[in-house]
Amino acid sequence: MPKWLKDAVFYEIYPQSFKDSNGDGIGDFNGIIEKLDYIKDLGCNAIWMNPCYDSPFRDAGYDVRDYKKTAARYGSNEDLIRLFAEVHKRDMHILLDLVPGHTSEEHEWFQASSKPEPNEYSDRYVWTDDWFHAPEGFNYVAGESLRNGIYILNFFKCQPALNYGFLKPEKSWQKGLDDPACVATKEALKDVMRFWLDAGCDGFRVDMADSLVKKDDEKKSGTAMIWKDIRKMLDESYPEAALVSEWNRPELAIPAGFHMDFNLDWVGNAYNLLMRDVQDGRNNSIFHKDSDRSILDFFGEYLEKYEVIKEQGHYCLITGNHDTIRASYYLDVSELKLAYAFLLTMPGNPFIYYGDEIGMRYRELASKEGGYTRTGSRTPMQWDDSVNCGFSTAAAADLYLPVDGSEDAPTVAGQEKDKDSLLNTVKAVLALRNSEDDLKENANLKLVYARKEDRGFAYRRGNLLLLCNPSGKEVVIEAKDLPAGTEKRFEIGKTECQTGKYVLGAQSFGIYAC
């Protein structure tokens with residue numbers, strides 16, 4: 001485990017929407033550099049940046065045209081390397097987004113692979129033997145190449161699947177993991193990783209990390225073999241390089257070689273129930289004040305996964321991400337304060353999606369660059385009340401996406417002046433996290449009070465007792481099974497440690513030394 005992950009708190013940056021430094025309406029590397037001090041002051045000491053590589057942007061950069069070249073709209077390779085240096089100058093770290101399962105159909109590898117004449121890239125992607133027989137169980141494209149074959153997709157039509165092989169090949173066109181062409185694909189991925197690690201990045205967030213080997217088994221053993229081999233390379237040459245997987249199966253991802261795995265928002269799963277559980281028009285999210293859900297609905301699933309990997313890796317909670325409707329769509333500011341206090345004091349490495357710290361809103365917008373319903377979570381960062389909320393000096397029509405034009409649109413500048421703002425609450429929670437070793441330790445979580453019929457709950461992180469009441473009514477927790485709080489370290493709302501009980505006011509959160 002890289003040493004710096006012990007206390008890493010991540011900030012996710014969608015580069016095209018964060019800060020425009022040159023007035024063209026699109027965020028860029030130099031704009032990120034301008035705001036590094038803000039990120040550090042927030043309490044984050046690490047960054048995950050969404051893809052910044054050359055791309056035709058049919059999927060917002062997740063369709064890579066050249067892994068070793070930055071997209072011109074963000075700046076040059078030299079600008080990105082300067083960003084790495086500025087991050088490190090502030091004792092921070094930065095992960096790039098790695099897209100290993102597919103490229104753009106405009107990538108030179110795919111252009112070569114599409115040629116009818118055999119060449120070194122012919123089997124870099126997954127092709128059938130002829131144009132006529134459609135492969136069962138796969139999304140595919142036929143009739144768009146001179147090559148006599150059909151190619152498999154990894155996601156959108158613009159994203160042909162790279163060929164890492166099939167766990168158990170069944171057709172003549174399906175290659176095994178040890179086929180020279182599949183090995184070459186893996187080695188090409190390593191080469192890309194070495195290129196950016198040598199340039200100064202600190203690791204990678206891995207997109208669709210479980211999608212490499214086709215027809216894999218339930219435990220993704222074929223894909224795991226590839227990641228273990230990559231991890232071996234990293235351990236030998238880049239021991240401080242970190243990997244976080246988009247997988248949400250830490251029991252598989254961590255043994256496969258990842259240091260961290262995300263707890264992702266899947267409809268109806270435990271994470272979804274925290275802030276985004278809306279069914280038939282009713283908001284029954286755990287942190288909605290009028291919900292009747294118990295925190296047990298989250299911890300039942302979460303602890304089952306956490307207990308398996310807590311000594312080997314981190315299961316990371318997020319406020320949101322570029323694929324997820326912002327939590328502010330479901331919760332008001334008072335509810336968000338409690339939800340974020342909970343997320344930011346749990347084990348693992350928390351990830352804050354840009355703008356979540358001020359409660360930026362989700363808006364229904366026309367799809368942009370393959371965003372579809374996700375587009376409304378990718379709007380420009382709202383810095384102040386100047387033109388375009390301080391994101392860009394460009395004309396409104398030239399912006400990557402429209403800014404929130406509401407009179408009450410939340411901004412960093414506005415919330416910095418309000419001691420009770422969501423922004424200042426997040427800062428306070430992170431300041432405590434960064435000062436308390438017990439909140440940095442990964443394997444010390446214990447749920448000490450939770451009942452199906454009770455909205456209040458309590459958990460321990462070492463010598464800290466954390467109590468929460470997300471409901472709109474006062475909750476009393478009998479303290480017979482809880483340690484006595486000796487000193488109150490943090491509070492939202494009103495909490496009291498009384499003789500034999502804890503009294504938690506409506507919508508409250510408290511942290512006590514014990």
Side-chain angles (χ1 to χ4, degrees), residues 51-59 61-71 77 96-135 138-167 169-198 204 206-209 211-216 222-223 225-227 229-230 233:
C52 59
Y53 317 109
D54 178 51
S55 169
F57 290 101
R58 294 189 179 93
D59 187 20
Y62 284 95
D63 49 327
V64 179
R65 186 164 50 198
D66 187 337
Y67 284 109
K68 295 183 179 181
K69 179 183 178 183
T70 60
N77 281 25
L96 293 185
D97 214 319
L98 185 68
V99 188
H102 54 262
T103 68
S104 163
E105 58 195 350
E106 296 184 18
H107 197 292
E108 64 178 3
W109 297 345
F110 186 72
Q111 295 298 306
S113 187
S114 300
K115 293 179 179 179
E117 305 83 13
N119 60 74
E120 66 175 303
Y121 297 105
S122 293
D123 295 320
R124 181 61 57 89
Y125 298 82
V126 186
W127 292 84
T128 64
D129 289 333
D130 63 69
W131 64 274
F132 187 73
H133 294 95
F138 294 96
N139 293 324
Y140 62 88
V141 170
E144 291 198 4
S145 169
L146 294 176
R147 176 172 175 166
N148 179 21
I150 295 169
Y151 61 88
I152 305 303
L153 300 174
N154 213 41
F155 195 57
F156 285 155
K157 179 262 176 190
C158 62
Q159 294 162 324
L162 285 162
N163 192 4
Y164 293 90
F166 289 69
L167 184 62
E170 298 173 347
K171 306 287 186 180
S172 59
W173 53 271
Q174 298 176 358
K175 299 185 178 300
L177 275 63
D178 58 353
D179 184 274
C182 302
V183 173
T185 303
K186 179 181 65 176
E187 294 304 316
L189 178 63
K190 289 182 184 178
D191 179 61
V192 169
M193 297 173 77
R194 284 190 290 261
F195 179 85
W196 289 113
L197 290 167
D198 289 341
F204 303 91
V206 180
D207 180 64
M208 297 176 64
S211 71
L212 303 190
V213 172
K214 305 309 176 189
K215 294 290 185 180
D216 214 340
T223 296
M225 288 173 61
I226 293 171
W227 287 118
D229 185 64
I230 291 172
M233 179 270 288

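Every value quoted in this text rests on a predicted model; they were computed, and no experiment measured them.
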Work out which heavy atom in [X] is nearest to a heavy atom in [Y]; give both atom names and the distance.
X: Val213; Y: Thr223; answer: N-OG1, 3.2 Å
X: Lys115; Y: Asn119; answer: CB-ND2, 4.1 Å
X: Cys158; Y: Pro160; answer: O-CD, 3.3 Å
X: Ala209; Y: Trp227; answer: O-NE1, 2.9 Å
X: Gly61; Y: Ser55; answer: CA-OG, 3.6 Å
X: Ile226; Y: Tyr164; answer: CD1-CB, 3.6 Å

Out of the candidates Asn154, Asp63, Asp59, only one should pair with Gln159 under the side-chain hydrogen bond (donor to acceptor under 3.5 Å, both in side chains) rule; please name it. Asp59
Does [Y] offer a backbone N or O that forms a donor-acceptor pair with the side chain of [X] under 3.5 Å?
X: Asp216; Y: Gly222; value: yes
X: Gln111; Y: Glu105; value: yes
X: Thr185; Y: Asn163; value: yes
X: Asp130; Y: Asn148; value: no

Would you check if [X] and [Y] make a side-chain contact, meaning some heavy-atom pair closer than 4.5 Å?
X: Ser113; Y: Arg147; value: yes
X: Arg58; Y: Lys157; value: no
X: Glu187; Y: Asp229; value: yes
X: Tyr151; Y: Phe110; value: yes
X: Leu189; Y: Leu98; value: yes
X: Leu167; Y: Lys215; value: no
X: His133; Y: Thr128; value: no
X: Tyr125; Y: His107; value: yes

Passes side chain to side chain contact (heavy atoms under 4.5 Å, CB included), Lys190 versus Ile230? Steps please. CA-CA 7 Å; Lys190 289 182 184 178; Ile230 291 172; 4.2 Å; yes
Run the side chain to side chain contact (heavy atoms under 4.5 Å, CB included) check on Lys214 and Phe138 step by step: do they pass? CA-CA 10 Å; Lys214 305 309 176 189; Phe138 294 96; 4.2 Å; yes
Scan the side chains in residues 173-182 for donor-acceptor partners under 3.5 Å anywhere in the protein, sequence neighbours excluded, and list what turns up.
unit_1 : atom_1 : unit_2 : atom_2 : d
Gln174 : OE1    : Glu170 : N      : 2.8
Gln174 : OE1    : Lys171 : N      : 3.3
Asp179 : OD1    : Ala181 : N      : 2.9

Among residues at least two apart in sequence or on other chains, which ones pass ring-ring contact (aromatic ring centres under 6.0 Å, His included) with Phe204? none
Could you label the plane-to-plane angle of the Trp109 and Tyr67 rings as parallel, tilted or perpendicular, counting under 30° as parallel and over 60° as perpendicular? tilted
May I ask you to decide if the ring planes of Tyr53 and Trp196 are parallel, tilted or perpendicular, using 30° and 60° as cut-offs? tilted
Step by step, work out the side chain to side chain contact (heavy atoms under 4.5 Å, CB included) result for His102 and Asp207. CA-CA 10 Å; His102 54 262; Asp207 180 64; 3.9 Å; yes
